[in-house]
Amino acid sequence: MAEHLLSTAAHRTMPGNYVRPEAQRPRLAEVVSGAPIPVVDLACPDRAAAVAAIGAACRSHGFFQVLNHGIDDGLIAEVMAVAREFFRLPAEEKAKLYSDDPTRKIRLSTSFNVRKETVHNWRDYLRLHCHPLDQFVPDWPSNPPDFKETISSYCREVRALGFRLYAAISESLGLEASYMEQTLGEQEQHMAVNFYPPCPEPELTYGLPAHTDPNALTILLMDQDVAGLQVLHAGRWVAVNPRPGALVVNIGDQLQALSNGQYRSVWHRAVVNSDRERLSVASFLCPCSGVVLGPARKLVTDETPAVYRSYTYDEYYKKFWSRNLDQEHCLELFRT
């Protein structure tokens, strides 16, 4: 299976099955490079101001960066180092984990959903289920030797951060601080360790095309040296430039539904470049499959009727994975 992975060899020419049709290419020259993405300092002594800033960012961008998030810089550096070491393992070692089955909870794969795609994406990724850790860690990679310990430590920290953010997001909507945590239930937690190799022709492909996230909340650890994340804002693609010490947070589809459409799960994409590899580590907090989702009752009034019907997360997730990544926003299938 190793031959399916991009990370097993250098690529001097562009394989045809990665080339996007003309109308679907990223048009990198048109990307806005200097537009600010909202930044929230979680150490701000004025909690009300921080909550208001998070609410404003969720309404306007669906993305924001957080500073002073409480995760140690040394641990973050170790996560990036062990992730890079993993993708540099020999092909035969990585091939042991390869699968193109999206239902597998621990797998190394490439692109997005190679079983369905006609054009692939310039990405390899390691997908891990992370909660409860004692259930999944035994099946994680044993090579590099410190992979399990390092990634486990990060998973605990990023989960705690996610629940702190849930409280602030709930308050910003005028809900009880505990609303999101209680409504979403015993949150599942997944991680995607993404590796984007140097690409001979970045203008012709994507690391990941435009998509929204099907989960509730995503916390992204970006490569500090190589940019690649872009967000659609006001009809234009905006580059999210790495900011020292920051993590990037984005609203997933389920928080858009719970907020009755007030907060936005926005389109975002990953692009690649010709001379530098790039890593990112995306952590996803997700409702358990049987949780029933829909707009918070307090947010549904005669003036603001329900935008979405009730559904289970299992129903949503199956719809999401049955589509191509860049089709219409999956939430459109659940409108009232």
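- The two residues Gly70 and Glu157 have their closest heavy-atom pair at O-OE1, 4.0 Å.
- Annotation: side-chain contact (heavy atoms from CB on, under 4.5 Å) contacts of Val39 (sequence neighbours excluded): Gln65, Leu67, Arg243.
- Partners of Glu93 according to the side-chain contact (heavy atoms from CB on, under 4.5 Å) rule, which considers only residues two or more places apart in sequence or in another chain, are Leu89, Pro90, Lys96, Asn143.
- Leu97 is listed as a side-chain neighbour of Phe86, based on a closest heavy-atom distance under 4.5 Å.
- By the 30° and 60° cut-offs, the orientation of the rings of Phe320 relative to Tyr316 is parallel.
- Annotation: salt bridge (charged side-chain N to carboxylate O under 4.0 Å, His left out) contacts of Arg276 (sequence neighbours excluded): none.
- For Arg156, the side-chain hydrogen bond (donor to acceptor under 3.5 Å, both in side chains) test picks out no residue, with sequence neighbours left out.
- For Glu176, the CD atom counts as loosely surrounded, since its 6.0 Å shell holds 12 or fewer non-hydrogen atoms of other residues, nucleotides or ligands.
- Remark: Arg335 engages Glu332 in a salt bridge, criterion side-chain N to carboxylate O under 4.0 Å.
- By the salt bridge (charged side-chain N to carboxylate O under 4.0 Å, His left out) test, Asp139 pairs with no residue at all, sequence neighbours left out.
- Remark: the backbone N or O of Ser7 is paired with a side-chain donor or acceptor of Asp124 at under 3.5 angstrom.
- Taking all atoms of both residues into account, the shortest heavy-atom contact from Gly62 to Val266 is CA-CG1, 4.2 Å.
- Of all the heavy atoms in Thr205 and Cys199, the pair that sits closest is CG2-SG, 3.7 Å.
- Of the possible polar contacts, one joining the His211 side chain to the His268 backbone as a donor-acceptor pair under 3.5 Å is found.
- A salt bridge (Lys or Arg N to Asp or Glu O under 4.0 Å) check over residues 54-81, counting only residues at least two apart or in different chains, returns nothing.
- His329 places a side-chain N or O within donor-acceptor distance of the main-chain N or O of Ser265, the cut-off being under 3.5 Å.
- If you take OG1 on Thr212 and CG on Leu331, they are separated by 7.0 Å, rounding to the nearest 0.5 Å.
- For Arg236, there are no side-chain hydrogen bond (donor to acceptor under 3.5 Å, both in side chains) partners, not counting sequence neighbours.
- The backbone N or O of Ala296 lies less than 3.5 Å from no partner atom in the side chain of Asn260, so there is not a single donor-acceptor pair.
- Looking at residues two or more places apart in sequence or on another chain, you find a salt bridge (charged side-chain N to carboxylate O under 4.0 Å, His left out) between Arg47 and Glu171.
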Run the numbers on Glu201 and Tyr18 for side chain to side chain contact (heavy atoms under 4.5 Å, CB included), then give the verdict.
CA-CA 10 Å; Glu201 297 184 83; Tyr18 288 86; over 6 Å; no
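- Note: Glu149 CD to Trp140 CH2 = 11.5 Å, rounded to the nearest 0.5 Å.
- Counting only distance, with no hydrogens or angles, the side chain of Arg123 and the backbone of Ala270 share no donor-acceptor pair below 3.5 Å.
- Applying the salt bridge (charged side-chain N to carboxylate O under 4.0 Å, His left out) rule to Arg84 yields the partners Asp223, Glu277; only residues at least two apart in sequence or on another chain are considered.
- Looking at residues two or more places apart in sequence or on another chain, you find a ring pair (Phe, Tyr, Trp, His ring centres under 6.0 Å) between His129 and Phe136, His190.
- The minimum heavy-atom distance between Ser142 and Lys148, with the atom names listed, is OG-NZ, 3.4 Å.
- Applying the side-chain hydrogen bond (donor to acceptor under 3.5 Å, both in side chains) criterion to Ser172, with sequence neighbours excluded, gives Tyr263.
- Within the structure, salt bridge (Lys or Arg N to Asp or Glu O under 4.0 Å) contacts touching residues 178-192 (residues at least two apart or in different chains) are Arg159-Glu186.
- The shortest non-hydrogen separation linking Pro141 to Leu128 is CD-CD2, 4.3 Å.
- Taking OG of Ser259 as the start and CZ of Arg264 as the end, the distance is 11.0 Å to the nearest 0.5 Å.
- Between Ala43 and Asn68, the shortest heavy-atom distance links the atoms CB-CB, 3.6 Å.
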